[in-house]
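Predicted model only: the values in this text are computed from it and were never measured. The analysis underlying the following values was restricted to heavy atoms, covering all of them including side chains, and did not include hydrogens, waters or symmetry mates.
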Amino acid sequence: MSREIKISKTAEEKLEKLLVYLLENWSKKVKSDFVKKLDTSIDLIRSNPTMFPEIKKDTRQRPSKLKI
């Protein structure tokens with residue numbers, strides 16, 4: 001069983017700003033390492049959906065977080 005991952009427009013914008021920041025203030029390697037860890041985390045959620053409860057759109061509750 002896999003779960004569809006939906007990224008909000010706000011999250012996309014914040015991620016883009018973060019990636020620009022990492023590239024400008026750190027290095028390509030730091031940015032690349034971050035992207036790899038993020039991809040791994042997303043793949044984990046996608047392949048193990050029962051580990052991460054789905055967040056209902058009408059709530060602001062965040063039942064679980066991944067440490068990247």
Measuring from [X]:[atom1] to [Y]:[atom2], what's the distance to the nearest 0.5 Å?
{"X": "Ser47", "Y": "Ile42", "atom1": "OG", "atom2": "CD1", "value": "12.0 Å"}
{"X": "Ser41", "Y": "Arg46", "atom1": "OG", "atom2": "CZ", "value": "11.5 Å"}
{"X": "Asp43", "Y": "Ile45", "atom1": "CG", "atom2": "CD1", "value": "9.5 Å"}
{"X": "Leu15", "Y": "Thr10", "atom1": "CG", "atom2": "OG1", "value": "12.5 Å"}

(request) Could I get the full list of side-chain contact (heavy atoms from CB on, under 4.5 Å) partners for Glu16, not counting sequence neighbours? (result)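 In terms of side-chain contact (heavy atoms from CB on, under 4.5 Å), with neighbours along the sequence ignored, Glu16 is linked to Val20.
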
(request) Would you check if Phe34 and Asp39 make a side-chain contact, meaning some heavy-atom pair closer than 4.5 Å? (result)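 Sidechains of Asp39 and Phe34: no contact.
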
Can I get a per-line list of side-chain donor-acceptor pairs under 3.5 Å for residues 24-31, giving both atom names and the distance, sequence neighbours left out?
residue, atom, partner, partner atom, Å
Asn25, ND2, Tyr21, O, 3.1
Ser27, OG, Lys29, N, 3.4
Ser27, OG, Val30, N, 3.2
Lys29, NZ, Asp33, OD2, 2.8

(request) Determine, using the 4.5 Å side-chain heavy-atom cutoff (strictly less than), whether Leu23 and Leu18 are members of one ILVMFWY cluster. (result)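 No, no single cluster joins them.
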
